[in-house]
Amino acid sequence: MIKENMEFLRAADPELGDAVVSEWQRQQRNIELIASENFVSPAVLAAMGTVLTNKYAEGYPGKRYYGGCEEVDKAEELARSRACALFGAEHANVQPHCGANANLAAFLAFANPGDTVLGMSLANGGHLSHGSPVNISGRHFNIISYGVDNDTHRINYDEVHDIAMKERPKIIIAGASAYPRVIDFARFAEIAKDCGAALMVDIAHIAGLIAAGLHPSPVPYADVVTTTTHKTLRGPRGGLILCPEKHAKVIDKSIFPGSQGGPLMHIIAAKAVCFREAMQPEFKAYQQKVIDNCATLADALLAEGFDLVSGGTDNHLCLVDLRNFNVTGKEMQHRLDEVRITANKNAIPNDPESPFVTSGLRLGTAAATTRGLDGEDMKHIARLIRLTATDFDNKKEQIAAEVGEICAKYPMYEG
Ligand code: PLP
């Protein structure tokens, strides 16, 4: 069906169809190690390509501004109730178009422009939408930030507490894009309570692990939990907000009409499919494999001589400090692209290089694990990454050939 759809598209629109087919081929040929990516199931893919895309449905189920919403109401209700069941939440808003929109709505719900918000700095693993000066969050709110401890590379909760008590933020944000360790949400909740802040937790990266019960959940502690649905959770590209019932109204208003217009009903349908998949026992087994593969990759990288930020990983990603190999993150990303390993450069704590260059490489196992790669493949990949760092010019053809052999073992979207 997937191939058939692509061929149909190519016949209808050759230029666009060619790009889609080439992207499918790229996904087959490359080992995907970008920590924020995954491969959705054929059912999730199918839901996105349905006629639900045709429907305007401003508002919420039962309270729409348009007629003809009976069927899309069912889809949104399914998505909402499944999200609540999956995460043990009292209320879910499934309409955010993306993670950044979910975060913006959380800001609007608990703070006014100019108010102080405390989040993890981008340089230490936070996300743009947590207060970067180039993002709406940083332009309209007074952002202060915490980082990680210089030696352990872990969040120093006492330091976060001290900053919070001094600055008295309206919101404290926990959650990150490049933090390889477990986050103590109960501790964050104590800090928020002490300084009178709302606690916002962005679980975009680790949502799948939390849904599977393999990382502690923030839901019992947070005023609002935001996430994307497309990373470890393995759903369509989109956002989700969870909150206690007492905050349901303000959250819903902050999404619509506060910051979005009509919801993407085909994507909401795909979110519903994703949440159902995430309730199955196979999903928990998958998430355990993601963690195991990442631990194996991290150990193998250490054995190959690489340094890792915080010395290892507890989750789906690890952060390589490349400085002892005398190669920057930018150069390493470029070399890996050439041998068809896809990853991204990333700042390490106190990075001497600029954010465009960086000294680090972020690697994640969610997508490769969906594809079927196992621990032996992870050890093989660690060796290929070391060769890419040390002997690229001599070995690049050999590395690319070995990447090709790994990919050939795990075909995808062939049906
Ligand atoms: N929050 C975190 C922690 C992220 O890592 C990301 C994306 O990488 C986002 C939010 C933003 O998600 P989106 O790209 O869907 O806006």
Side-chain angles (χ1 to χ4, degrees), residues 32-38 40 44 48 83 93-108 117-132 134-138 141 143 145-148 155 171-183 185 188 199-211 215 217-218 222 224-242 254-255 259-260 263-264 267-268 270-271 274 290 309 313 315-319 342-347 355 358 360 362-367:
E32 182 55 71
L33 294 179
I34 291 183
S36 49
E37 293 192 10
N38 213 326
V40 298
V44 168
M48 285 189 270
N93 187 308
V94 295
Q95 293 192 4
H97 299 328
C98 64
N101 279 21
N103 286 344
L104 177 61
F107 271 61
L108 294 180
V117 174
L118 172 62
M120 189 181 229
S121 72
L122 186 60
N124 281 262
H127 188 257
L128 272 175
S129 60
H130 297 179
S132 160
V134 297
N135 182 262
I136 187 169
S137 53
F141 296 86
I143 304 294
S145 50
Y146 58 88
V148 293
I155 296 166
I171 301 176
I172 296 179
I173 311 173
S177 296
Y179 187 70
R181 296 298 184 176
V182 167
I183 301 177
F185 298 124
F188 264 109
L199 178 62
M200 164 181 167
V201 181
D202 179 347
I203 60 169
H205 264 266
I206 52 175
L209 312 187
I210 291 171
H215 185 291
S217 171
V224 59
V225 175
T226 59
T227 184
T228 56
T229 46
H230 49 270
K231 299 186 172 78
T232 51
L233 195 51
R234 207 165 59 182
R237 196 154 286 283
L240 166 71
I241 305 181
L242 306 166
S254 300
I255 284 288
S259 54
Q260 290 190 174
L264 311 176
I267 299 296
I268 288 173
K271 288 174 189 173
C274 152
V290 170
V309 170
T313 176
N315 59 24
H316 66 300
L317 69 83
C318 55
L319 203 52
T342 313
N344 66 289
K345 64 176 185 267
N346 207 101
T358 82
R362 191 182 65 160
L363 302 172
T365 52

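Since we're looking at a predicted model, the values are computed, not measured. Every number for a ligand or one of its atoms is a count from 1 in the order of the listing.
Residue contact check: Ala204 has heavy atoms under 4.0 Å from atoms 1 (N), 2 (C), 3 (C), 4 (C) of ligand 1. Per-residue contacts place Ser177 under 4.0 angstrom from the following atoms of ligand 1 (heavy atoms of the residue considered): 2 (C), 3 (C), 4 (C), 5 (O). Taking every non-hydrogen atom of His230 and a distance limit under 4.0 Å, the qualifying atoms of ligand 1 come out as 15 (O). The His205 neighbourhood of ligand 1 comprises atoms 5 (O), with distances under 4.0 Å to a heavy atom of that residue. For ligand 1, the atoms sitting less than 4.0 Å from at least one non-hydrogen atom of Ala176 are 3 (C), numbered in the order shown with element in parentheses. Distances below 4.0 Å separate heavy atoms of Ala100 from the following atoms of ligand 1: 11 (C), 12 (O), 13 (P), 16 (O).
Put simply, the side chain of Pro218 reaches to within 4.5 Å of the side chain of Ile203, judged on heavy atoms. Looking at heavy atoms from C-beta onward, Leu108 lies in side-chain contact with Ser259 at the 4.5 angstrom threshold. At least one side-chain heavy atom of Met48 sits under 4.5 Å from a side-chain heavy atom of Val40. In this structure, Leu122 and His130 have side chains that are not in contact, with every pair of non-hydrogen atoms separated by 4.5 Å or more. Contact of the His97 side chain with the Ile267 side chain is not registered, since no non-hydrogen atoms from C-beta on lie closer than 4.5 Å.
What sits closest to atom 11 (C) of ligand 1 on the protein, heavy atoms only, is His127 CE1, 3.3 Å. The protein non-hydrogen atom at the shortest distance from atom 12 (O) of ligand 1 is Thr228 CG2, 3.2 Å. Looking only at heavy atoms of the protein, atom 1 (N) of ligand 1 is closest to Asp202 OD2, 2.6 Å.
With rounding to the nearest 0.5 Å, the separation of OG1 in Thr227 from CD1 in Ile206 is 8.5 Å.
In plain terms, the two heavy atoms of Ser217 and Phe185 that are nearest each other are C-CD1, 3.9 Å.
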Audit row: Phe107, Met200, side-chain contact (heavy atoms from CB on, under 4.5 Å) steps and yes/no: CA-CA 9 Å; Phe107 271 61; Met200 164 181 167; 3.9 Å; yes
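In the candidate list Arg237, Met120, Lys231, Lys231 is nearest to atom 7 (C) of ligand 1, counting heavy atoms.
The presence of a protein heavy atom under 4.0 Å from atom 14 (O) of ligand 1 is ruled out.
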